[in-house]
K.L.:
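Quick one: this structure, given as C-alpha cells, is what I'll be asking you about.
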Amino acid sequence: MNFVDCHEEKIHVSGHIQDFGYMIGLDAESKTIKFFSQNIFEIFPMDKSFFGKSFGQEPEVFQPLLASVVFNNLDLDTIKDTDVFLDRIEIHGKFYHFTIYRYGANVFLELEEVTEHFHQRSFVSKKYESIHNASDSRDIWNELLSSVSDAIDYDRVMLYRFLEDGSGKVIAEKVKNKVESFMHLHYPESDIPRQARELYLKKRKRIFSNVYSETVPIISSTAEAVDLTYSSVRGMSPVHGQYLKNTGVASSFSTSIVIDNKLWGMVTCQNIEPKHIDLVNRIRAEVFTVIAANAYTSYKSRQMLADSIE
C-alpha cells in the first residue's frame, strides 16, 4: 500500500473490532439491535434473528445489561456524542467493563473483560500532583512519561511532538528491558496519515493489544458502514499493524496531547510482546496526558508573561 493509499484509507469505518472487545449497536430512535460483533455469541446467545429486537423482548438473554444501573438510568435520546458512560457488570461469573455512548444514529454498547494486570492501584494518585507541579517543560514531559509507564508498564513510552512542517520528533522517552532507544528520531509527515491525525484529535486514546491477532467483523442489518470514530475496541488499520511488526513490537498504545484544540503531539507506547491494558489504566494514562497538556499550557503562559515584563 503506497503513500496515497494510506492517506485515503477510511480507518474510522474499518468494519472490525479487536478480539478483546465485544460490541452491540442499537438504533438510537427505536432502541432495537442494529449491529453486533461476530464474537458476541461468546457472552450472549444471539444471532441475526435478534436484529430489530429490543433488549426487553429477550430479557433472559440480556439480563446483565438490563441489570446495569448506569444503562437503566440513561436517556438515550438526550445523550450527546461526546458523552461516555461506564459501568462494571458481571456475565457468567466474569466481570466486564461496560461502555455506553451515542454517535449519530447509533448507540454503542462496548464490553471488555476486566483484567488483572500487574497492579490495581487507586485511580487517585500523587502522580497527578507531580505532573501539575513540574517546574519546566522537560520536567512536565518526564513526569508524564513516568506516570504513563507506571499505569501501563510497556517497554517503550515516548513523547512524539508534531513540528511546524507536519513531521514529528521524539523529544522524551522512557524505556526498559534494553529495548532500542528512539530518542531524537525524526519522522516524516507521511508517518501518521492525515485522517489518522484527525481521528486522534477526536478519540484521544487507542490501543492495539496484539498486532498478530485476527480482527472481529461487525455484522450489521444494513449496508451502511458503522462509524467507529469513538470506539475503544476499533480494529486497527492493517497498514498500521504491518508498520508495528516492522518496528519489532506486538502492542501499541497512545494518547493525544491536545493544546489549543490542536494535535500538539502524542504519548506513544510500544511493547515487544502482545499485552492488553485494562480500560481503567488506559483512562488513567489519558487523564495524566490531559493534566500534562494543561501544565504545559500554563508553563508557556507564565514564560510569555515573564518575557513581556523584562
K.L.:
Report yes if some heavy atom in the side chain of Thr99 is under 4.5 Å from a heavy atom in the side chain of Glu112; otherwise report no.
P.N.:
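Not in contact.
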K.L.:
Between Glu286 and Lys203, is the closest basic N to carboxylate O distance under 4.0 Å?
P.N.:
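The answer is no: the pair does not qualify as a salt bridge.
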K.L.:
Do you know the tightest heavy-atom contact between Ser147 and Phe288?
P.N.:
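Scanning both residues, the minimum pair turns out to be O-CE1, 3.4 Å.
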K.L.:
Under 4.5 Å between side-chain heavy atoms, hopping through other hydrophobics if needed: is there a path connecting Met23 to Ile43?
P.N.:
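Unlinked, Met23 and Ile43 end up in two clusters.
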K.L.:
Is the distance between the ring centroids of Tyr160 and Phe162 less than 6.0 Å?
P.N.:
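Yes, ring centres under 6.0 Å apart.
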K.L.:
Ignoring hydrogens and geometry, is there a side-chain-to-backbone donor-acceptor pair from Ser167 to Leu163 under 3.5 Å?
P.N.:
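Judged by distance alone, no pair lies under 3.5 Å.
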K.L.:
Using the six-membered ring of Phe50, assess whether NZ or CZ of Lys53 lies under 6.0 Å from its centre and within 45 degrees of the ring axis.
P.N.:
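Geometry flag: set, cation within 6.0 Å and 45°.
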K.L.:
Write down the atom of Ser68, the atom of Asp87, and the distance for their closest heavy-atom approach.
P.N.:
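Distance-wise, the nearest heavy atoms are OG-OD2, 2.7 Å.
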K.L.:
Can you confirm whether Thr289 sits close enough to Arg204 that some side-chain heavy atom of one is under 4.5 Å from a side-chain heavy atom of the other?
P.N.:
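No, their side chains stay 4.5 Å or more apart.
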K.L.:
Hey, could you give me the CD/CD1 distance between Gln57 and Ile33, rounded to the nearest 0.5 Å?
P.N.:
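Taking CD in Gln57 and CD1 in Ile33, the distance rounds to 8.5 Å.
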K.L.:
Restricting to side-chain contact (heavy atoms from CB on, under 4.5 Å), what partner residues turn up for Tyr230, sequence neighbours left out?
P.N.:
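Tyr101, Tyr103, Lys202.
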K.L.:
Can you find a pair of side-chain heavy atoms, one from Glu214 and one from Gln18, that are under 4.5 Å apart?
P.N.:
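Side chain of Glu214 against side chain of Gln18, heavy atoms only: no contact under 4.5 Å found.
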K.L.:
Sequence neighbours left out, what passes side-chain contact (heavy atoms from CB on, under 4.5 Å) with Leu185? Give chain and number order.
P.N.:
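Phe182, Tyr187.
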K.L.:
Verify the cluster assignment for Val280 and Ile89: are they in a single hydrophobic cluster under the rule of side-chain heavy atoms below 4.5 Å apart?
P.N.:
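No, no single cluster joins them.
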K.L.:
Kindly determine whether Val157 and Glu173 satisfy side chain to side chain contact (heavy atoms under 4.5 Å, CB included), including the steps that lead there.
P.N.:
CA-CA 6 Å; Val157 179; Glu173 183 186 53; over 6 Å; no
K.L.:
Decide yes or no for Met158 and Gln270: does some side-chain heavy atom of the first lie under 4.5 Å from some side-chain heavy atom of the second?
P.N.:
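Met158 reaches Gln270 side chain to side chain.
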K.L.:
Within the distance-only criterion (no hydrogens, no angle test), does the side chain of Asn72 pair as donor or acceptor with the backbone N or O of Leu66 below 3.5 angstrom?
P.N.:
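Indeed, once roles are kept as given, a pair shorter than 3.5 Å links the two residues.
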K.L.:
Drop me the distance from Leu201's CG to Arg197's CZ, to the nearest 0.5 angstrom.
P.N.:
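Rounded to the nearest 0.5 Å, the CG-CZ separation comes to 12.0 Å.
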K.L.:
Hey, is Asp77 close enough to Lys31 for a salt bridge, meaning N to O under 4.0 Å?
P.N.:
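Salt bridge flag = yes for Lys31 with Asp77.
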K.L.:
Centres of the Phe108 and Phe35 rings: under 6.0 Å?
P.N.:
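Between Phe108 and Phe35, the centre distance is under 6.0 Å.
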K.L.:
Measure across Ile259 and Ala293 and return the closest heavy-atom pair with its distance rounded to 0.1 Å.
P.N.:
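Closest approach of Ile259 to Ala293, heavy atoms only: CG1-CB, 4.2 Å.
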K.L.:
List for me each residue that meets side-chain contact (heavy atoms from CB on, under 4.5 Å) alongside His16, sequence neighbours excluded, and say none if there are none.
P.N.:
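Only Ser14, Thr215, Pro217 meet the side-chain contact (heavy atoms from CB on, under 4.5 Å) criterion with His16.
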K.L.:
Hey, any chance Tyr96 and Phe55 share a hydrophobic cluster, counting ILVMFWY side chains that come within less than 4.5 Å of each other, even indirectly?
P.N.:
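Yes, same cluster.
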K.L.:
Between Ser209 and His276, what is the shortest heavy-atom contact and its length?
P.N.:
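Taking Ser209 first and His276 second, the nearest heavy atoms are OG-ND1, 2.7 Å.
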K.L.:
Please check if the number of heavy atoms outside Asp165 that lie under 6.0 Å from its CG is greater than 12.
P.N.:
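Atom CG in Asp165 is crowded, with more than 12 foreign heavy atoms closer than 6.0 Å.
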K.L.:
Phe41 and Met46: which non-hydrogen atoms are nearest, and at how many Å?
P.N.:
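Shortest heavy-atom contact: CB-O, 4.3 Å.
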K.L.:
Could you walk me through whether Ser231 and Glu110 satisfy the side chain to side chain donor-acceptor pair (under 3.5 Å) test, starting with their C-alpha distance in whole Å, then the side-chain angles of each, then the deciding distance to 0.1 Å, before giving a yes or no?
P.N.:
CA-CA 8 Å; Ser231 173; Glu110 297 181 358; 2.8 Å; yes
K.L.:
Passes salt bridge (charged side-chain N to carboxylate O under 4.0 Å, His left out), Arg284 versus Asp150? Steps please.
P.N.:
CA-CA 10 Å; Arg284 286 179 64 201; Asp150 181 67; 3.7 Å; yes
K.L.:
Apply side chain to side chain contact (heavy atoms under 4.5 Å, CB included) to residues Arg88 and Val114 and explain how you reach the verdict.
P.N.:
CA-CA 8 Å; Arg88 176 172 155 151; Val114 175; 4.1 Å; yes
K.L.:
Less than 4.5 Å apart, any side-chain heavy atom of Pro274 and any of Ser251?
P.N.:
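They are in side-chain contact.
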K.L.:
With a 4.5 Å heavy-atom cut-off, do Val249 and Asn271 have their side chains touching?
P.N.:
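A side-chain contact is absent here, since even the closest heavy-atom pair is not under 4.5 Å.
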K.L.:
Using 0.5 Å steps for rounding, measure from the CZ atom of Arg194 to the CD1 atom of Ile192.
P.N.:
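The distance works out to 13.5 Å.
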K.L.:
Does Arg206 have any side-chain contact (heavy atoms from CB on, under 4.5 Å) partners at least two apart in sequence or in another chain, and if so, which?
P.N.:
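By the side-chain contact (heavy atoms from CB on, under 4.5 Å) rule, Arg206 matches Tyr200, Met236, Ser254, Ser256, Met266.
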K.L.:
Quickly, which of Phe98, Phe44, Phe71, Phe36 forms a ring pair (Phe, Tyr, Trp, His ring centres under 6.0 Å) with Phe62? Name it, please.
P.N.:
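Considering Phe98, Phe44, Phe71, Phe36, a ring pair (Phe, Tyr, Trp, His ring centres under 6.0 Å) with Phe62 is found only for Phe44.
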K.L.:
How long is the straight-line distance from CG of Asp19 back to CD of Gln38, given to the nearest 0.5 Å?
P.N.:
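With rounding to 0.5 Å, CD (Gln38) is 12.0 Å from CG (Asp19).
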K.L.:
Taking atom CG as the centre, does Asn177 end up with more than 12 heavy-atom neighbours from other residues, nucleotides or ligands that are less than 6.0 angstrom away?
P.N.:
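Enclosed.
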K.L.:
Below 4.5 Å, heavy atoms only, C-beta onward: do Val107 and Ile24 meet side chain to side chain?
P.N.:
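Val107 does not reach Ile24 side chain to side chain.
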K.L.:
How close do Ile91 and Pro64 get, counting heavy atoms only, and between which atoms?
P.N.:
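Closest approach of Ile91 to Pro64: CG1-CB, 3.8 Å.
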K.L.:
Between atom CG of Asp27 and atom OG1 of Thr222, what is the distance when rounded to the nearest 0.5 Å?
P.N.:
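Reported value, rounded in 0.5 Å steps: 9.5 Å.
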K.L.:
In the single-linkage hydrophobic clustering (I, L, V, M, F, W, Y; side-chain heavy atoms under 4.5 Å), do Ile257 and Val290 co-cluster?
P.N.:
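Not linked; separate clusters.
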K.L.:
Going hydrophobic residue to hydrophobic residue with side-chain gaps under 4.5 angstrom, can you get from Leu111 over to Ile17?
P.N.:
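Result: no, two separate clusters.
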K.L.:
Should the ring pair His240 and Tyr243 be called parallel, tilted or perpendicular, given that the plane angle runs from 0 to 90° and is split at 30 and 60?
P.N.:
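Taking Tyr243 first and then His240, their aromatic rings lie parallel (interplane angle under 30°).
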K.L.:
What pairs meet the salt bridge (charged side-chain N to carboxylate O under 4.0 Å, His left out) rule with one or both residues in residues 219-247, with sequence neighbours excluded?
P.N.:
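Every pair satisfying salt bridge (charged side-chain N to carboxylate O under 4.0 Å, His left out) with a residue in residues 219-247: Lys34-Glu224.
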K.L.:
Answer whether the closest heavy-atom distance between the side chains of Ser252 and Ile207 falls below 4.5 Å.
P.N.:
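Not in contact.
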K.L.:
List the steps and the verdict of side chain to side chain contact (heavy atoms under 4.5 Å, CB included) for Ile79 and Asp75.
P.N.:
CA-CA 7 Å; Ile79 61 175; Asp75 183 349; 5.7 Å; no
K.L.:
Would Tyr22 and Leu109 count as a side chain to side chain contact (heavy atoms under 4.5 Å, CB included) if you check the C-alpha gap in whole Å, the side-chain angles of each, and the deciding distance to 0.1 Å?
P.N.:
CA-CA 8 Å; Tyr22 305 88; Leu109 311 178; over 6 Å; no
K.L.:
Only pairs at least two apart or in different chains count here, so list each side-chain hydrogen bond (donor to acceptor under 3.5 Å, both in side chains) that has a residue in residues 136-145.
P.N.:
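Found Ser135-Asp139.
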K.L.:
What's the spacing between Asn210 CG and Glu273 CD if we round to 0.5 Å?
P.N.:
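Output value for this atom pair is 9.5 Å.
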K.L.:
Can you tell me if His184 has over 12 outside heavy atoms packed within less than 6.0 Å of its NE2?
P.N.:
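Result for NE2/His184: open.
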K.L.:
Using a strict 4.0 Å threshold on nitrogen-to-oxygen distance, state whether Asp153 and Lys275 make a salt bridge.
P.N.:
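Yes, charged N to carboxylate O under 4.0 Å.
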